[in-house]
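Single-structure report; data block below.
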Amino acid sequence: MWGLVRLLLAWLGGWGCMGRLAAPARAWAGSRGGPEPSLLRTRRSWVWNQFFVIEEYAGPEPVLIGKLHSDVDRGEGRTKYLLTGEGAGTVFVIDEATGNIHVTKSLDREEKAQYVLLAQAVDRASNRPLEPPSEFIIKVQDINDNPPIFPLGPYHATVPEMSNVGTSVIQVTAHDADDPSYGNSAKLVYTVLDGLPFFSVDPQTGVVRTAIPNMDRETQEEFLVVIQAKDMGGHMGGLSGSTTVTVTLSDVNDNPPKFPQSLYQFSVVETAGPGTLVGRLRAQDPDLGDNALMAYSILDGEGSEAFSISTDSQGRDGLLTVRKPLDFETRRSYSFRVEATNTLIDPAYLRRGPFKDVASVRVAVQDAPEPPAFTQAAYHLAVPENKAPGTLVGQVSATDLDSPASPIRYSILPHSDLERCFSIEPEDGTIRTAVPLDREARVWHNLTVLATELDSSAQASRVQVAIQTLDENDNAPQLAEPYDTFVCDSAAPSQLIQVIRALDRDEVGNNSRVSFHGPLGPDANFTVRDNRDGSASLLLPSRPAPPRQAPYLVPVELWDWGQPVLSSTATVTVSVCRCRPDGSVASCRPEAQLSPAGLSTGALLAIVTCVGTLLALVLLFVALRRQKQEALMVLEEEDVRENIITYDDEGGGEEDTEAFDISALQNPDGTAPPAPGPPARRDVLPWARAARQPRPPGPADVAQLLALRLREADEDPSVPPYDSVQVYGYEGRGSSCGSLSSLGSGSEIGGAPGPAEPLDDWGPLFRTLAELYGAKEPPAP
């Protein structure tokens with residue numbers, strides 16, 4: 001039934017929007033050349049209004065939404081209606097003969113609210129326009145088919161706890177896609193579906209507000225509120241949509257801290273040092289963040305002296321720590337009160353205070369095994385230097401706090417007394433010297449003394465003992481430095497030569513004056529005057545010192561004023577020098593005292609130049625000499641005169657006597673005497689080699705043979721001027737074994753050699769030689 005009603009409305013709207021074709025068509029045709037006069041008044045052939053179609057309509061057949069008709073159409077079927085524009089042919093179709101316009105499918109106004117089309121009537125046969133084209137609009141009529149939606153939902157909001165009624169929380173906004181200008185389809189009304197009685201919403205604006213006062217976060221921190229938006233002004237039949245709003249109550253400092261118990265008990269051993277944690281205290285505060293931060297303090301003075309309390313890094317717990325060392329024997333427990341206070345207090349909530357709480361604390365001190373305790377934290381002792389070993393220095397003392405009657409053993413840690421200068425009595429802690437001490441070598445001795453319980457070696461304590469070595473007058477004064485000065489030979493009498501100073505290594509001597517004494521008498525060459533301030537002046541006497549080559553050694557006697565008085569004698573060296581007019585030294589050499597005047601600069605330069613020239617000549621001569629020797633050595637290397645015979649045949653062994661004449665080496669009888677004439681030169685190479693002369697018989701003694709050969713080599717002009725190695729094959733005469741050389745086996749004059757003498761007959765001295773030459777080894781004894 002509702003579909004028929006909507007169709008009827010569309011039909012009525014279409015007919016109500018049609019125009020009628022009349023004179024305008026004829027006027028337009030006359031203007032095109034028809035028989036009608038052109039002076040007739042023209043009027044439009046049709047008048048267009050808007051067409052309407054209801055959205056979301058879906059029927060079995062296309063829906064007629066209007067009709068086009070022209071006065072030119074006589075009903076003869078010659079007129080054809082055309083439709084162009086948005087949706088023409090797809091969404092909207094037209095009957096060419098009748099001009100009826102139909103919609104072919106369901107339309108959605110939210111997708112497209114209107115369509116613009118163009119209508120025209122033409123001649124069916126020729127397609128000639130019968131009417132000018134005319135534009136018209138088809139609007140999609142809205143229906144309530146879209147519920148409200150919340151595009152930004154779900155929502156989250158925060159409001160402080162304890163807020164007043166009506167405090168704005170958040171504003172929600174819904175959107176309806178229907179046409180707000182047509183009916184109440186887009187008119188929305190907001191209501192709270194869930195969240196009452198804590199929150200309310202404005203029906204028109206959607207602002208959510210608190211509905212009750214004093215909402216406590218500690219009771220309920222989060223609320224879920226459901227908001228509904230309904231169109232049609234909220235009346236029945238309207239569409240609705242909903243969203244959620246999560247409201248969180250933010251914290252404010254509306255709760256004071258509260259200790260969960262009124263008394264806290266802790267215990268700590270007496271050996272706990274300062275800063276040791278005793279325990280934790282926490283006052284409960286249901287607030288969050290900075291609103292729950294607390295500060296702790298000790299109210300009683302008794303507890304604040306031995307303990308201290310501070311807040312941890314989170315700002316919630318109180319840390320109770322030891323402030324000073326505890327002693328079980330002195331005090332066994334402490335009782336005091338601790339207060340916890342909020343650090344940030346909101347004045348708006350002072351009525352909910354006070355924002356602090358107090359609790360009692362009791363700390364019990366527990367006994368613990370303690371090491372021995374020295375009577376002093378550190379000891380300062382003194383002993384004079386140079387005292388004999390065993391001298392009493394002082395005493396240290398320690399007691400066992402747990403058992404004062406327990407014995408204590410004392411010792412010196414080795415690393416603190418590497419030189420073993422002191423010793424300590426293990427029973428009573430008496431410290432004595434082990435070696436004589438020297439203050440000038442070391443003033444302070446820092447010892448570490450260890451006290452150990454005899455019952456338990458693990459219980460031990462240490463103490464520092466500083467021993468000062470006291471000074472005694474055991475060092476004679478000395479000169480501060482070796483003094484070696486000069487005086488001009490032209491100096492006036494009583495002239496100051498040098499200020500000399502003294503040094504006393506003793507502590508007392510350094511603070512008192514040192515006296516000086518110089519040579520006395522009329523023969524003294526110099527005078528020493530005591531300045532009475534630890535220094536003395538060395539002066540020329542009224543009679544000048546006689547000049548001499550050696551420097552003067554002036555004896556100076558020094559003594560201190562200590563107990564006992566110590567003295568020493570030192571020497572000051574004074575040279576008498578020749579000086580220039582300005583007082584600078586010209587020469588202090590011994591010859592300067594004898595020469596009338598010193599050398600000038602020009603004379604010194606001349607001397608240096610001469611010395612340099614002589615050195616250059618010497619170097620040149622040495623270079624030439626070396627070059628000449630190298631040239632001679634090159635010639636000697638080229639003139640090879642060694643007695644080496646090179647031949648390519650292997651030789652005939654001992655039977656070969658033709659390869660080389662060795663008779664001269666075997667028989668000294670063939671040695672020739674020296675040739676007569678002047679001695680030959682040894683510094684030049686001879687031009688011709690002298691012919692070798694036959695050697696007459698020579699001496700039979702080896703010594704004479706060697707001397708003869710040496711003289712022959714020295715006088716031979718054909719050999720180089722250096723010693724030559726001569727090879728001698730003669731072994732001497734008179735031996736019962738004869739010659740052992742193989743060279744003589746085949747060169748004996750007078751025929752073949754005789755039979756060899758048996759080596760076994762030579763005796764035990766030649767046993768090894770007999771074994772080498774094949775003799776049978778004698779039997780073992």
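It should be emphasised that the depicted structure is a prediction, and the values quoted were computed from it without experimental measurement.
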* Just checking, is any N or O donor in the side chain of Asn531 or Ser537 under 3.5 Å from an acceptor N or O on the other one? -> yes
* For Ser423, check side chain to side chain donor-acceptor pair (under 3.5 Å) against everything at least two apart and list the hits. => none
* Residues which pass side chain to side chain donor-acceptor pair (under 3.5 Å) with Arg529, listed by chain and number, not counting sequence neighbours -> none
* Considering residues at least two apart in sequence or located in another chain, which fulfil the side chain to side chain donor-acceptor pair (under 3.5 Å) criterion with Glu427? -> Arg409
* Test: Cys579-Cys488 SG spacing under 2.5 Å -> yes
* Structure fact -> Given the options Asp471, Asn475, Thr469, Arg439 meets side chain to side chain donor-acceptor pair (under 3.5 Å) only with Asp471
* Asked: Got a donor-acceptor contact below 3.5 angstrom from the Gln498 side chain to the Tyr483 backbone?
  -> no
* Asked: Counting N and O atoms only, with roles assigned by atom type, does the side chain of Asp438 sit under 3.5 Å from a partner on the main chain of Glu440, one being a donor and the other an acceptor?
  -> yes
* Using the test ring-ring contact (aromatic ring centres under 6.0 Å, His included), find all partners of Phe328 that sit at least two apart in sequence or belong to another chain. => none
* To do: Can you establish whether the number of heavy atoms outside Arg316 located under 6.0 Å from its atom CZ is more than 12?
  => yes
* Would you indicate whether the side-chain heavy atoms of Leu437 and Asn386 approach each other to under 4.5 Å? => no
* **No-hydrogen, no-angle side-chain donor-acceptor test under 3.5 Å, Ser568 and Gln478** => no
* Asked: What pairs of residues pass the side-chain hydrogen bond (donor to acceptor under 3.5 Å, both in side chains) test when at least one of them lies in residues 453-466, not counting sequence neighbours?
  -> Thr448-Gln464
* Selection residues 329-338 - residue pairs positive for side-chain hydrogen bond (donor to acceptor under 3.5 Å, both in side chains), sequence neighbours left out -> Glu302-Arg331, Asp327-Thr330
